[in-house]
Amino acid sequence: MPQKIFNTKTRKKEILQPVREGAVGMYVCGITAYDVCHIGHARAAVVFDVVFRHLKARGYNVTYVKNFTDIDDKIIDRANREGVGIDQIAERYIHLHDEDMAALNVLTPTITPRATGHMEDMVALIKTLEEKGIAYAVDGDVFFAVHNFPVYGGLSGRHLDEMMAGARVDVNDKKRNPLDFVLWKKSKEGEPFWESPWGKGRPGWHIECSAMSRRYLGDTFDIHGGGEDLIFPHHENEIAQSQAATGRPPANYWMHNGFVKINAEKMSKSLGNIFSIREIIQQYHPEVLRLFMLQSHYRSPVDYSDASLKEARTALIRGYTALQQMKETREKLVSPDQEKRPPEPSDEMKKLSELKDKFDASLDDDFNTAQALGYVFDAARLVNHVTTAAKKMPASAKQAILAAAADLFAHFGDVLGVFQLDPDIFFHTDRSLEAAKRGLDTARIEARIAERQKTREEKDWSRADDIRRELAAEGVILKDSAGRTTWLID
RNA sequence: GGCGGCAUAGCCAAGUGGCUAAGGCAGCGGUCUGCAAAACCGUUAUUCAUGAGUUCGAAUCUCAUUGCCGCCUCCA
């Protein structure tokens with residue numbers, strides 16, 4: 001099945017036809033390094049991480065470029081407030097970003113360029129635009145003249161005359177037209193600057209992406225992505241700059257992820273409802289956040305709330321419970337010669353193979369992770385059925401099915417970036433986080449469980465039940481199985 | 001004002017012209033269990049905001065109505 005992508009430019013799903021057969025060039029707008037990453041950044045990162053992973057799994061040679069904006073007014077402000085250089089601010093928040101991404105199991109893109117490392121490319125691009133008469137310099141600033149680029153507005157579906165009518169009064173009287181945007185900004189006294197043909201200054205916001213995507217992916221590449229808020233003006237302006245300079249559209253497919261809302265409200269600084277990735281992963285395992293994102297289609301808005309994360313946690317526990325059962329059952333069944341034998345055909349084997357195909361097909365269809373997860377949970381049910389319910393099934397058949405299921409879950413994990421941990425490690429982390437939230441001492445709980453284990457061996461059920469009730473009052477749920485007791489909070 | 005999006009069970013959420021409307025959470029009945037928990041089996045929307053239309057056939061297409069939301073200024 002061919003890969004389909006919803007293209008913002010045409011507002012339709014289209015079949016991916018890469019510029020170069022078998023390869024995909026993808027550019028995604030990254031962060032401006034002036035603050036810690038919030039869950040909106042997490043969503044964009046996770047969405048395009050899955051795009052990257054799935055295309056790779058489908059055999060494409062993917063070059064994924066995600067930039068860091070390390071020169072910007074907000075960075076300068078912060079540096080001034082703290083009395084440090086902009087490079088220190090950028091370095092700090094890029095480092096924290098990398099930590100957050102690693103926690104979320106987001107793969108590092110192929111190339112992660114920084115704006116300040118590409119000044120010459122930007123200056124050259126602006127010069128080209130100036131030479132072509134599309135950009136004009138005024139007293140150290142350089143502007144892009146939107147009227148000289150006839151298809152301006154093509155991505156966002158806006159028309160120049162309509163925008164003119166609604167344009168807000170611009171205080172910058174250097175511009176010939178209020179919609180013209182800055183390519184190069186003259187630096188004020190004390191601000192960081194780079195030398196240029198127009199004097200000391202710094203690049204405008206949009207030009208870095210035009211310069212860096214072209215440097216690493218060429219004049220026209222395949223996929224350009226980012227949050228939906230970037231459609232206008234950022235991506236519109238990027239297209240204008242690139243296409244005016246090279247004569248070719250920079251990207252063939254434009255992908256935009258939807259917003260994260262907080263309790264049905266827009267996340268914004270003024271509402272004070274911004275959640276950082278690092279504060280959330282102190283509350284929940286990072287995979288909870290990841291699963292939460294993937295349960296909705298990437299273009300729909302998602303509504304973040306504690307209740308929705310709790311639900312995602314419960315779903316994640318369901319998956320890991322199946323994986324843990326699978327692991328334990330396989331350990332018990334272990335017989336190397338059996339593993340080597342070709343698996344006998346069975347309904348379950350057939351079902352697993354179908355689930356893999358359906359899973360992959362869901363992602364082929366515009367990266368429908370929500371639908372794909374449905375098949376993951378179908379697979380979990382099948383695993384649970386084999387490990388705990390199918391008492392009459394011969395061990396050899398179970399072994400073959402579980403080996404195939406383990407391979408399938410490895411594939412799911414590779415593509416979605418969840419369910420890749422050892423279940424025991426996942427549950428350990430989950431328990432620690434939940435215990436910390438409630439101020440519970442895990443060592444004390446473990447000790448009480450050990451005491452209870454003795455009473456169980458003595459078949460003193462009433463004392464065993466007393467301890468269970470005592471722990472249950474704190475939210476600790478015990479699961480007795482042959483030989484050992486595991487536990488979970490909530 | 002301009003542009004765009006969304007409305008599917010108690011909740012979250014796929015499905016966008018034709019098999020029984022995925023999956024998760026919650027609920028109910030049963031199996032398993034010393035009892036539980038988990039798991040499994042079964043069950044929970046004759047129906048997809050409302051009204052009209054197109055079609056042999058629509059949750060899916062068209063029009064209208066209602067409600068919610070985003071962008072148009074920095075923003076993932």
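Just so it is clear: chains get the letters A, B, ... in the order the sequence lines come, proteins before strands, and each one is counted from 1. This is a predicted model, so every value here is computed, not measured.
For A:D306, the side chain to side chain contact (heavy atoms under 4.5 Å, CB included) partners at least two apart in sequence or on another chain are A:Y284, A:K310. Residues satisfying the salt bridge (Lys or Arg N to Asp or Glu O under 4.0 Å) test with A:R431, not counting sequence neighbours, are none. A search for ring-ring contact (aromatic ring centres under 6.0 Å, His included) contacts involving A:F412 returns A:F359, A:F409, not counting sequence neighbours. The ring-ring contact (aromatic ring centres under 6.0 Å, His included) check on A:H385 picks up nothing, with sequence neighbours excluded. Residues passing the side chain to side chain donor-acceptor pair (under 3.5 Å) test with A:D357, sequence neighbours excluded: none. A:H41 is linked by a ring-ring contact (aromatic ring centres under 6.0 Å, His included) to A:H38, counting only residues two or more places apart in sequence or in another chain. In this view, A:K479 satisfies the salt bridge (Lys or Arg N to Asp or Glu O under 4.0 Å) rule with no residue, not counting sequence neighbours.
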Please list, pair by pair, any protein nitrogen or oxygen found under 3.5 Å from a nitrogen or oxygen in nucleotides 10-12 of chain B.
none

Polar atom pairs (N or O), protein with nucleotides 2-6 of chain B, under 3.5 Å:
{"unit_1": "B:G2", "atom_1": "O2'", "unit_2": "A:E162", "atom_2": "OE1", "d": "3.2"}

Under 3.5 Å between N/O atoms: give me all the protein pairs with nucleotides 38-41 of chain B, atom names plus distance.
{"unit_1": "B:A39", "atom_1": "OP1", "unit_2": "A:R318", "atom_2": "NH1", "d": "3.4"}
{"unit_1": "B:A39", "atom_1": "O3'", "unit_2": "A:N384", "atom_2": "ND2", "d": "3.0"}
{"unit_1": "B:A39", "atom_1": "O2'", "unit_2": "A:T388", "atom_2": "OG1", "d": "2.6"}
{"unit_1": "B:C40", "atom_1": "OP1", "unit_2": "A:R318", "atom_2": "NH2", "d": "3.2"}
{"unit_1": "B:C40", "atom_1": "OP1", "unit_2": "A:N384", "atom_2": "ND2", "d": "3.2"}
{"unit_1": "B:C40", "atom_1": "OP2", "unit_2": "A:R318", "atom_2": "NH1", "d": "3.4"}
{"unit_1": "B:C41", "atom_1": "OP2", "unit_2": "A:R381", "atom_2": "NE", "d": "3.4"}

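Base-pairing analysis of RNA chain B finds the following stems of at least three consecutive Watson-Crick or G-U pairs, with both pairing distances under 3.5 Å: B:1-7 with B:66-72, B:10-12 with B:23-25, B:27-31 with B:39-43, B:49-53 with B:61-65.
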Under 4.0 Å protein heavy-atom contacts per nucleotide of nucleotides 26-32 of chain B, with B for base, S for backbone only and - for none: -------

